[in-house]
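What follows is a single structure, written as structure tokens, with notes after it.
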Protein chains: 4
Amino acid sequence: MPKLKPDTQKARREHILDAAERCFAREGFQGTTMKDICRDAGVSLGALYVYFASKEDLIAGITERDRSKLTAQLTEVAAAPDLLAALARLGEHYTVEEPRYKQQLVIEIGSASVRSGPVGEIFRACDAAVLAQFEGLFARAEAEGKIAPKLNAKLLAQTIAVLGDGLFWRRAVDPNFDASAMVPIITALIGSLLNPIPAPAPYEPAPAAPAHLEVNS
Amino acid sequence: MPKLKPDTQKARREHILDAAERCFAREGFQGTTMKDICRDAGVSLGALYVYFASKEDLIAGITERDRSKLTAQLTEVAAAPDLLAALARLGEHYTVEEPRYKQQLVIEIGSASVRSGPVGEIFRACDAAVLAQFEGLFARAEAEGKIAPKLNAKLLAQTIAVLGDGLFWRRAVDPNFDASAMVPIITALIGSLLNPIPAPAPYEPAPAAPAHLEVNS
Amino acid sequence: MPKLKPDTQKARREHILDAAERCFAREGFQGTTMKDICRDAGVSLGALYVYFASKEDLIAGITERDRSKLTAQLTEVAAAPDLLAALARLGEHYTVEEPRYKQQLVIEIGSASVRSGPVGEIFRACDAAVLAQFEGLFARAEAEGKIAPKLNAKLLAQTIAVLGDGLFWRRAVDPNFDASAMVPIITALIGSLLNPIPAPAPYEPAPAAPAHLEVNS
Amino acid sequence: MPKLKPDTQKARREHILDAAERCFAREGFQGTTMKDICRDAGVSLGALYVYFASKEDLIAGITERDRSKLTAQLTEVAAAPDLLAALARLGEHYTVEEPRYKQQLVIEIGSASVRSGPVGEIFRACDAAVLAQFEGLFARAEAEGKIAPKLNAKLLAQTIAVLGDGLFWRRAVDPNFDASAMVPIITALIGSLLNPIPAPAPYEPAPAAPAHLEVNS
DNA sequence: CATGAATGAGCGTTCATTCAT
DNA sequence: GATGAATGAACGCTCATTCAT
């Protein structure tokens, strides 16, 4: 039976995970030492091992936390009235608002995921879940007559993934990358893929187009 | 004088670089030991250090080689009669023909590039060169009336980079990714960005569009 | 909090330093491996690095300890009623009582001191301090009318250094060197340099001569 | 049968030995690599091994050469009309005229000599020879009525060695050491030990004493 | 529970020496 | 003879992990 209150435990875990994120993003997974993380988190080595059994357990924890945040946000997107706008908002959040080190961390995680071990499994499971969420989202939207894509829902989801991950990567790797200029362009491309059908607003001629950016009309 | 012939030297370097590529892709940069590379290349530790001064020198060499191959291929693309087809061909080459470990290596290099050191500099220099090549390519194509894009050449180049890197990433990270299905879709998106103008073929009305996929008509 | 008590820490440091002294004297600085020292001290490699950051830190520590012991002993000499006897005692201590490996260590340190690095700085600083101590000692003795040297205090100090270091060197390098026979001879030479003035003992005709050097009559 | 003329061989050996001396003095024995010596001598690695079988063979060669030079010079001293002047001249040569790196090399050799191996044997053999030469020198001088020392010839030789080696050491180790000021002082001390008897020059009252410093009157 | 000293396998790298050319 | 590429044992040092306090 834990002597510490579960709340405190949870908070401590999160605190260490935050420190580990910063360190891994800065120095890479293998380039970060357990001591680095302790220093950054302000805890002792022994304390760290109370909460995480190993270094790998740390990235596993980070991966789990990050990706579960993403699936949560996708659930919100599913509920949004304007699908495209919600997606644009999501892209904006991840590539403009979040600090750059978060994207660098994603690269680190992706890199670790190709090696065997728990990280890869968590990463791929989350990735598959995200793709499935997208697929479901698009299938429903099409069934409801909100979009009229040329591609089936599965391919659509995969294409979105390519675009989103491309944004991630560029942001992480290119210091001159202007994410806020790129998000609308990518959004427009997604728009052209989804081909949204304007809601029939009787008596009011619908505003001509999705209008974010008329990439090619 | 028993100095090795430059040819042999060059070949040996390439051979070691190949082994290092495989190892780095498999285990990551820091997860690979110099001994691993020697075993894979079939050379002794001492011999390796005749050709490369350090582990970092190895990734620097790999980065340089890989990226110079890319710029060479881009020069070929620039000379191709059908720009879009050449780009599609390039994407096909990198994401379908090349073994998957090459993409995983790119991730490793990108990951290493965010840390300070020579790798980052080489990586970013090459990346900038590639972007500049694309920009020049598109500027010329527009000046020659071959394409009529909505975006300026610079943004166009950056968008292409997002799409291309997204392909790389998905291929590396998702074992279920079907690159050959995705390349045409991405090509179509690029087509919609470039908006190529069909060569005026008298008497014959040119086929309306690249038609793979009429992204939005 | 399980931080070791400062006493224990200090003792452990000294223990390792002792082992390092023996090893360095036996095999030389570069000829000694960190593992040798660990074996001799009975500690693990990791433990050694808790107390000393590097191999160089070890000789720096030794140099500092040895030379600070010397300056302490010189302070005692300064306070002694009979200067010459105190000096003889000092020479006796270093070249007869101390084990021979200590002299060999001095040679090792001197050898290392000519190369750049912290060892040289510490060594020279201590050496300069010792010379200055000697100089002050002699200046005071002369002012107080205890000695009547032909040389000024500075040259006197340097000459003493030559004699003392010569003793050191011979002891270290020549297995047949008979230090206990040599110390009185060197002492007599020093006596002839210092030219001590016998304390005026009234009513008693002072013993015939300063007799500095009737080494063997 | 050697293809090269013995002269060329000899010259090459000397040339390599010179380079090795410089390197060993600069970086120490173990701190010098065979490549360092090759670079300094301008020969290839393979060539070096034609002339010297190993690194140890190099210091053995150096030791032999240096020490045989010393014994040769002592033979000259023995033949000199004025013993004390000749000794002063010798000290002057070694500690003032020779470059400082030569003294540092002696320290290196002495340091190496305490370890087992051929260097120690050569060093000690030469050292014993030098002491014996001195002893013979002094015994003869005393028999011939040229000197009237208080010490026997053996102790005399050992004391000279202490003084000479002290000079060596100080010169090597103390960058502020003024050898040219110290040599006359040490010479005077030696004078006081030897106690030379002025040649009876009839009718001319012999000049009172060596007078540099009347160590003990 | 918390601490940080201790462990030791394993890392990147060096270098004396050999030997095919 | 001369060359320098090749060898591989051995070095100084690191760090994930354990555990006595």
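Each chain gets a letter, A, B and so on, in the order its sequence line appears, and its residues count up from 1. Predicted, not measured: the structure shown is a model, and the values here were computed from it.
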Check whether any side-chain nitrogen or oxygen of Arg12(C) sits under 4.0 Å from OP1 or OP2 of dA6(E), and answer yes or no.
yes
Find the distance Phe52(D):CZ to dC15(E):P and express it as a whole number of Å.
21 Å
Between Asp36(D) and Arg39(D), is any pair of side-chain heavy atoms under 4.5 Å apart?
yes
Do Arg67(B) and Ile109(B) make a side-chain contact, defined as non-hydrogen atoms from C-beta onward lying under 4.5 Å apart?
no
Dot-bracket for DNA chain F, 5' to 3', Watson-Crick and G-U pairs with both distances under 3.5 Å, [ ] for crossing pairs, | for partner on another strand, reads .||||||||||||||||||||
Protein-nucleotide distance (Asp57(C), atom CG; dC13(F), atom P), rounded to Å:
10 Å
Between dC11(F) (C1') and Asp36(C) (CG): distance, integer Å
11 Å
Looking at Asp40(C) and Lys35(C), does any basic side-chain N land under 4.0 Å from a carboxylate oxygen?
no
Let me know, please, whether Tyr49(C) or Val50(B) comes out on the 5' side of the other along DNA chain F by nearest nucleotide.
Val50(B)
Under the salt bridge (Lys or Arg N to Asp or Glu O under 4.0 Å) definition, can you give me all pairs with a residue in residues 101-110 of chain C, not counting sequence neighbours?
Glu21(C)-Lys102(C), Glu108(C)-Arg115(D)
Find the distance Lys5(B):NZ to dG4(F):P and express it as a whole number of Å.
17 Å
Taking the nucleotide of DNA chain F with the nearest heavy atom to each, does Gln9(B) or Glu56(C) sit closer to the 5' end?
Gln9(B)
Could you write out each protein N or O paired with an N or O of nucleotides 8-11 of chain E at a distance under 3.5 Å?
residue, atom, partner, partner atom, Å
dG8(E), N7, Gly46(C), N, 3.3

Taking Arg13(B) first and then Asp18(B), would you say they form a salt bridge - that is, a charged N and a carboxylate O separated by under 4.0 Å?
no
Could I get the full list of side-chain hydrogen bond (donor to acceptor under 3.5 Å, both in side chains) partners for Glu14(B), not counting sequence neighbours?
Arg65(B)
Applying side-chain hydrogen bond (donor to acceptor under 3.5 Å, both in side chains), name anything that partners Ser44(D), two or more places apart in sequence or on another chain.
none
Whole Å only: how far is the CD1 atom of Ile16(B) from the P atom of dG12(E)?
15 Å
In whole Å, what is the span from the CD1 atom of Ile37(A) to the C1' atom of dC15(F)?
12 Å
Applying side-chain hydrogen bond (donor to acceptor under 3.5 Å, both in side chains) as the test, list every pair that has at least one member in residues 118-127 of chain D; sequence neighbours left out.
Arg170(C)-Asp127(D)
Heavy atoms under 4.0 Å, any strand shown: does Tyr51(B) hit a base, just sugar-phosphate, or nothing?
sugar-phosphate
What is the distance from CZ of Arg13(D) to C1' of dG1(F), rounded to the nearest Å?
17 Å
Is Ser54(B) close to Leu58(B) at the side-chain level, that is, under 4.5 Å between some pair of heavy atoms?
no
In whole Å, what is the span from the CZ atom of Arg39(C) to the P atom of dG12(F)?
11 Å
